[in-house]
Undergrad: 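Below you will find the structure I want to go over with you.
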Amino acid sequence: MAFFINAKDIGNAYYHGLSDFLEVVDDDVKFNNVKEELNGTFGVTFATEIFTPVLQKLLCVDSLNEIVTGAHLRFGLKRLKVLNEASTKLIKNIPSYDARMSYHTTKDALSTCPLYYPSKGGVGQWTLALEKKLRDVGVKILCGRSILGMDSNDKTIQSLTLDDGVKVNCDILVWTVPLIFLFRAAEIKCKTERPSFVHTTLFHYVIDQPPLNQNHYLYCYEPNLLPFRVTLYSNLQSVISANTERHRVTVEVLSKEALDLENSKKDVWQDLIKMKLVAKKSNVLFQHTECIQQGFPKFTHEFVKSSKYQYDLAMDSFSNLSIQGKSNTKDWFMNDIFKSIYAEFGK
Ligand SMILES: Cc1cc2nc3c(=O)[nH]c(=O)nc-3n(C[C@H](O)[C@H](O)[C@H](O)COP(=O)(O)OP(=O)(O)OC[C@H]3O[C@@H](n4cnc5c(N)ncnc54)[C@H](O)[C@@H]3O)c2cc1C
């Protein structure tokens with residue numbers, strides 16, 4: 001199964017779309033919004049027939065003009081599957097096409113992809129393992145504290161004052177939570193709007209039958225189906241799932257308005273059956289629903305402008321400050337965050 005959308009699924013418009021797609025050769029264009037970017041990258045037909053409905057579903061917006069460039073990349077929409085396997089392999093030798101076309105199978109990619117997910121427990125094991133490593137080398141970790149104040153001199157942060165009154169001297173401050181809390185502690189005035197978020201709801205199911213699909217996770221781009229992403233934990237922890245005969249499935253749903261949870265959990269389950277991810281005869285042993293308060297931000301021009309403003313204000317205010325995580329304005333995915341931290345501190 002390939003990760004990317006198969007452009008042939010749009011029917012007759014595919015051939016027109018393919019012609020538009022192949023005629024795009026200019027890589028060096030500056031786009032003002034994601035709509036222009038998709039037109040200029042995949043051609044107008046594929047942009048209109050494929051990306052527009054998909055992104056309207058995922059970003060919960062009516063118009064892509066208000067969305068910044070690169071927003072589609074947050075949802076794994078970097079490439080399209082076009083042509084056939086053999087021609088794709090040949091044409092992918094040309095970098096401009098390689099960047100926009102996907103291989104037809106992921107066989108090779110998956111066989112070389114190591115599985116970092118813990119064999120027992122959840123991804124929280126990573127945090128616990130990192131915490132242990134830090135404590136083992138003598139790092140003192142204070143949980144449940146907040147920073148109330150900050151002393152600085154000539155743009156250099158000297159110390160932080162915690163909510164229990166303790167002062168912590170500071171050589172360098174690495175900040176990984178929203179910058180608004182830094183501004184409050186440092187008494188810096190920052191007038192920006194709170195970002196608005198797409199409603200993100202997680203539907204967890206424990207079922208008595210293994211999933212019908214071998215992927216660890218997959219995206220659902222179909223506008224008529226509720227799921228945005230489905231994670232099949234049995235494929236990540238096959239031994240535990242087989243031994244316990246309990247199979248965990250988590251579905252992420254993005255929506256413009258808050259969902260009616262009672263009805264949605266039934267609809268999402270029906271969608272999983274329609275998508276042939278779970279057997280119709282599976283019994284749901286346990287179900288839990290979670291609303292993520294600060295899920296996906298709306299990747300609008302205002303949001304990006306305001307994040308950049310906050311980042312610049314913080315960095316201009318202090319010389320011994322490092323901003324990591326998604327507040328650094330360039331990273332979003334965990335692997336990019338790790339790479340940035342490694343680039344700054346790991347070498
Ligand atoms: C719904 C959703 C799904 C995602 N899925 C993926 C994915 O599958 N893969 C991927 O690579 N990326 C994914 N991301 C992107 C995600 O942003 C990054 O993977 C990563 O979690 C960002 O790390 P971070 O440390 O910057 O932010 P976070 O992981 O959000 O960590 C910030 C932490 O700061 C804490 N915090 C906030 N305010 C305060 C405060 N005042 N005091 C103390 N603590 C505070 C929060 O509780 C949180 O624990 C997803 C994002 C969202 C919203």
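Note that the structure is a prediction, hence the values are computed from the model and not measured. Every number for a ligand or one of its atoms is a count from 1 in the order of the listing. Worth knowing before you read on, the calculation uses all heavy atoms, side chains too, and leaves out hydrogens, waters and symmetry mates.
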Undergrad: For ligand 1, does S327 get within less than 4.0 Å through its side chain, its backbone, both, or neither, judged by non-hydrogen atoms?
TA: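 Under 4.0 Å from ligand 1, S327 contributes no heavy atoms.
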Undergrad: Look at the rings of W332 and F299 and say which category their plane angle falls in: under 30° parallel, 30 to 60° tilted, over 60° perpendicular.
TA: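 Geometry flag for F299 against W332: perpendicular rings.
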Undergrad: In ligand 1, which numbered atoms sit nearer than 4.0 Å to a non-hydrogen atom of F181?
TA: 38 (N), 41 (N)
Undergrad: Take the angle between the ring planes of Y219 and Y217 and call it parallel below 30°, perpendicular above 60°, tilted in between.
TA: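 The arrangement is perpendicular - the two ring planes meet at more than 60°.
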Undergrad: Using a strict cut-off of 4.0 Å, indicate which atoms of ligand 1 neighbour a heavy atom of G325.
TA: 26 (O)
Undergrad: Measure from atom 24 (P) of ligand 1 to every heavy atom in K326, M334, E252 and give the option owning the shortest one.
TA: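 The residue whose heavy atom sits nearest atom 24 (P) of ligand 1 is K326.
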Undergrad: Please work out which of F333, F296, F338 has its closest non-hydrogen atom nearest to atom 13 (C) of ligand 1.
TA: F333
Undergrad: Taking Y14 for the side chain and N6 for the main chain, is one N or O donor matched with an acceptor at less than 3.5 Å?
TA: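 No: the side chain of Y14 does not pair with the backbone of N6.
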Undergrad: Among protein heavy atoms, which sits nearest to atom 45 (C) of ligand 1, and what does the distance come to when rounded to 0.1 Å?
TA: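 Sorting protein heavy atoms by distance from atom 45 (C) of ligand 1 puts V177 CG1, 3.5 Å first.
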Undergrad: For H216 versus L236, what's the shortest heavy-atom pair and its separation?
TA: CG-CD2, 3.6 Å
Undergrad: Can a non-hydrogen atom of I292 be found less than 4.0 Å from any atom of ligand 1?
TA: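 I292: no contact with ligand 1 (<4.0 Å).
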Undergrad: Between W269 and Y205, how do the two ring planes meet: parallel, tilted or perpendicular, split at 30° and 60°?
TA: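 Plane angle between 30° and 60°, so tilted.
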Undergrad: Looking only at heavy atoms of S146, does any of them come nearer than 4.0 Å to an atom of ligand 1?
TA: no
Undergrad: ring-ring contact (aromatic ring centres under 6.0 Å, His included) with F51: which of F4, F42, Y221?
TA: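 So, applying the ring-ring contact (aromatic ring centres under 6.0 Å, His included) to F51 and each of F4, F42, Y221, only F42 qualifies.
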Undergrad: Is a donor on one side and an acceptor on the other found under 3.5 Å between the side chain of T289 and the backbone of F203?
TA: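 Side chain of T289 to backbone of F203, a donor-acceptor pair under 3.5 Å: no, none is there.
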Undergrad: Testing the basics here: between L313 and K189, what is the closest heavy-atom pair and its distance to 0.1 Å?
TA: CD2-O, 3.9 Å
Undergrad: Ignoring hydrogens, tell whether any protein atom lies closer than 4.0 Å to atom 20 (C) of ligand 1; use the non-hydrogen atoms only.
TA: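 Given the 4.0 Å cut-off, atom 20 (C) of ligand 1 counts as touching protein heavy atoms.
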Undergrad: Of the side chain and backbone of R229, name the one, both, or neither that has a heavy atom under 4.0 Å from an atom of ligand 1.
TA: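 Just the side chain.
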Undergrad: Which option out of W332, F75, F228, Y217 puts a heavy atom nearest to atom 18 (C) of ligand 1?
TA: W332
Undergrad: Counting each atom of ligand 1 from 1 as listed, which ones have a heavy atom of I337 under 4.0 Å away?
TA: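 Once the distances to I337 are compared, the set is 20 (C), 22 (C), 23 (O), 26 (O).
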